K.L.:
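Below you will find the structure I want to go over with you.
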Protein chains: 2
Amino acid sequence: MQTTPGNPRKPPTLADVAKLAGVSLATASKSLNGRQQVKAETRERVLSAAEQLNFSPNVLARHLLSGRSGTIGLVTHDLEGRFSIPTLMGAEDAAGTGKTSVLLCDARGDALREQYHVQALLGRRVDGLIVVGARPDPRPSLGQLPVPVVYAYAPSQDPADMSVVTDNLLGGRLVAEHLLTCGRTRVAIVTGDAGYGAAHDRVDGASAVLAEAGVEVLGGQALYGSWTEEWGRTAAGLLISRFDDVDAIVCGSDQIARGVLDTLRESGRRVPEDVAVTGHDNWEILALNARPQLTSIDMNLEELGRRAAALLFDAIEGNPHSGTEVIPSRLVPRGSTGPKPA
Amino acid sequence: MQTTPGNPRKPPTLADVAKLAGVSLATASKSLNGRQQVKAETRERVLSAAEQLNFSPNVLARHLLSGRSGTIGLVTHDLEGRFSIPTLMGAEDAAGTGKTSVLLCDARGDALREQYHVQALLGRRVDGLIVVGARPDPRPSLGQLPVPVVYAYAPSQDPADMSVVTDNLLGGRLVAEHLLTCGRTRVAIVTGDAGYGAAHDRVDGASAVLAEAGVEVLGGQALYGSWTEEWGRTAAGLLISRFDDVDAIVCGSDQIARGVLDTLRESGRRVPEDVAVTGHDNWEILALNARPQLTSIDMNLEELGRRAAALLFDAIEGNPHSGTEVIPSRLVPRGSTGPKPA
DNA sequence: TTGTAAGCGTTATCAC
DNA sequence: GTGATAACGCTTACAA
């Protein structure tokens with residue numbers, strides 16, 4: 001880890017190693033790369049020379065030759081937000097295992113900035129691109145690029161592109177099934193901005209399962225509002241005044257659920273005995289600190305990121321895919337749901 | 001943006017551009033780089049050829065020559081957490097403005113993984129490194145590396161290294177001053193894990209200001225616990241039972257403050273009329289959804305990231321710095337604090 | 001004003 | 001087994 005004394009700036013090159021070991025460049029290269037065409041003793045000499053110089057091969061030079069950079073670009077639109085981070089971790093995970101690194105850019109929801117970053121990444125000769133959206137609705141395609149692209153979280157509008165998304169329908173189904181199992185029949189749904197396709201999908205998933213069991217959503221439809229605790233508090237107030245016998249509230253996000261829980265507690269309803277509550281996203285900072293802890297849907301975002309990376313690597317290897325792949329969500333049961341007392 | 005038809009895989013090179021424009025490699029290069037030694041008309045021809053081929057120069061090759069990669073490495077330990085993200089955004093911001101890109105790695109708090117990533121980044125010939133810690137306490141130095149390193153959020157234990165940290169003492173002072181201005185004199189402090197140096201710093205900052213004003217912390221010292229809402233709820237219960245006249249509670253984090261707010265509300269105390277409450281971190285998801293919205297300390301993490309990047313770039317330019325630079329925090333007043341009613 | 005050629009640090013293809 | 005040598009795509013003296 002020490003800088004070579006007397007040579008403070010430039011890292012040692014393979015030529016330095018070769019010279020020190022008293023061999024040619026070619027032999028040094030072969031030795032370090034585990035080629036079979038060198039005598040064990042020679043290899044040993046080269047290795048120790050490399051060790052001594054603390055040599056680390058210049059990956060740029062290597063890739064100049066191979067045509068691949070060993071690098072993928074990750075363009076996110078939601079770095080400050082909640083959803084891109086696990087996705088990014090999954091991708092970084094999948095990439096880091098091998099020998100590729102991740103170049104990160106945050107486009108902050110701006111198409112122009114995205115364009116700029118994509119160009120910069122292409123100039124760096126990334127082998128592929130993962131684009132992580134800020135919200136789950138379909139987004140415009142980047143079009144034909146010289147390298148494969150995978151759209152994560154927010155799918156591309158072009159079905160010829162590769163996309164990986166969460167399963168919002170399933171999320172809805174899972175909570176509904178869980179609540180039915182708990183014996184709930186007076187079920188309301190509170191969710192966020194009606195402009196989000198995902199909000200509708202989750203509602204549809206839940207409604208379908210409930211309908212199959214002969215249960216109709218209280219009020220005949222979900223309450224749309226915003227993704228905030230405030231709306232959760234308001235909506236819960238509306239619900240208990242209109243439907244005194246409500247015994248379950250499905251929330252479109254953990255934030256909404258937190259608000260719902262607060263209003264229920266303050267109105268004297270017990271959770272989960274009187275009313276069961278479910279969230280969505282499994283944002284632990286909210287779910288684990290709730291009273292009681294919140295049953296929620298985990299979208300497996302990290303898995304989504306890993307899968308996106310895996311698809312990308314496969315495409316880079318020459319096996320392109322297309323269409324939208326859906327990552328199943330899973331239910332995380334906690335204290336806010338449970339069997340309805342007799 | 002279209003792939004050149006018939007040449008689907010390899011991006012066009014400068015040679016392609018030169019050939020199409022009917023000039024030599026050198027002339028093409030000069031034209032594209034704005035060198036003055038080419039006739040305007042020739043340059044025009046080259047530019048349009050480049051345009052036509054959708055040429056983007058291979059940055060790897062360029063940097064192989066210049067010795068710099070135009071890349072910095074960002075090793076974080078807290079990708080899933082709250083603190084590294086804004087720092088990362090600031091750094092990415094500062095870098096992206098120029099022509100350097102950010103290679104991201106998540107070491108997940110593991111020293112070995114960190115070591116591994118650092119080596120990988122050095123192999124990629126990053127021009128410098130920013131290491132973002134998971135918690136604000138000093139961490140072991142990476143030692144002497146061939147490129148400059150800046151430690152962000154968690155400073156290096158070695159004062160010869162460059163570090164950029166938040167000002168926890170100031171954070172404490174700011175809330176104390178604010179509360180005194182509000183006319184509060186019965187002030188308690190609830191904070192998190194006593195194992196965090198930052199927790200003590202914040203307490204010390206607040207205590208000092210209060211002492212200057214002749215106000216002693218209720219109970220003579222801060223209550224240490226954990227960084228959770230649960231602890232906030234518990235601590236608030238303790239406080240109001242022991243000090244019925246408490247009129248302000250300084251919390252070590254927004255999470256703790258959320259818990260404190262809940263207990264106060266449920267015990268019938270009005271916030272801020274009866275008790276003023278302050279948080280720390282200005283985590284908007286918590287602060288803005290609180291009832292009332294939470295007065296908090298913003299550590300200016302994005303600025304911290306920008307500053308770290310600026311220091312790094314300067315060091316890369318040949319102006320190394322050393323020691324720890326402190327980024328001032330700022331108070332964000334909201335509804336949870338206000339003047340004490342007469 | 002333009003072109004030729006050397007070189008950046010590797011790897012791969014050959015001779016030896 | 002080993003070592004020249006030619007790439008890879010670009011910049012930059014230096015020559016024309």
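As the structure is a computational prediction, the values presented were derived from the model and not from experiment. Here is how names work: the chains are called A, B, and so on, in the same order as the sequence lines, proteins then strands, and each is numbered from 1.
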K.L.:
Scan A/Thr42 against the nucleic acid and name what it touches under 4.0 Å (heavy atoms): base, sugar-phosphate only, or nothing.
P.N.:
sugar-phosphate

K.L.:
So, applying side chain to side chain contact (heavy atoms under 4.5 Å, CB included) with A/Thr76, which one of A/Thr87, A/Val132, A/Ile85 is it?
P.N.:
A/Val132

K.L.:
Axis-to-axis angle across the helix from C/dT1-D/dA16 to C/dC16-D/dG1, five pairs an end, to 10 degrees?
P.N.:
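Here the helix ends are tilted 50° relative to one another.
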
K.L.:
Taking atom types as modelled, is there a side-chain donor on B/His321 or B/Asp314 under 3.5 Å from an acceptor on the other?
P.N.:
yes

K.L.:
What string of B, S and - do you get for nucleotides 9-14 of chain D 5' to 3' if you count protein non-hydrogen atoms under 4.0 Å?
P.N.:
BBBB--

K.L.:
Verify the distance criterion only: is there a donor paired with an acceptor across the side chains of A/Asp161 and A/Ser141 at less than 3.5 Å?
P.N.:
yes

K.L.:
Output yes when A/Arg68 and A/Asp127 qualify as a salt bridge under the 4.0 Å nitrogen-oxygen rule, no when they do not.
P.N.:
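No, no charged N to carboxylate O under 4.0 Å.
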
K.L.:
Kindly say whether B/Leu142 contributes a backbone atom to a donor-acceptor pair with the side chain of B/Tyr151 at under 3.5 angstrom?
P.N.:
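Answer holds: yes.
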
K.L.:
Can you tell whether the side chains of A/Arg139 and A/Glu114 come within less than 4.0 Å, N to carboxylate O?
P.N.:
yes

K.L.:
Using atom CG of A/Leu32 as one end and atom P of D/dT2 as the other, report the distance to the nearest whole Å.
P.N.:
14 Å

K.L.:
For residues 31-45 of chain A, pull every pair meeting side-chain hydrogen bond (donor to acceptor under 3.5 Å, both in side chains), keeping only residues two or more places apart or in separate chains.
P.N.:
A/Ser29-A/Asn33

K.L.:
State, without any angle test, whether B/Arg124 and B/Thr71 hold a side-chain donor-acceptor pair at a distance under 3.5 Å.
P.N.:
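Absent: no donor and acceptor within the cut-off.
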
K.L.:
Mind calculating the distance between NE2 (A/His63) and C1' (D/dA7) to the nearest angstrom?
P.N.:
17 Å

K.L.:
Grab the CG-P distance between A/Leu60 and C/dT11 for me, whole Å please.
P.N.:
13 Å

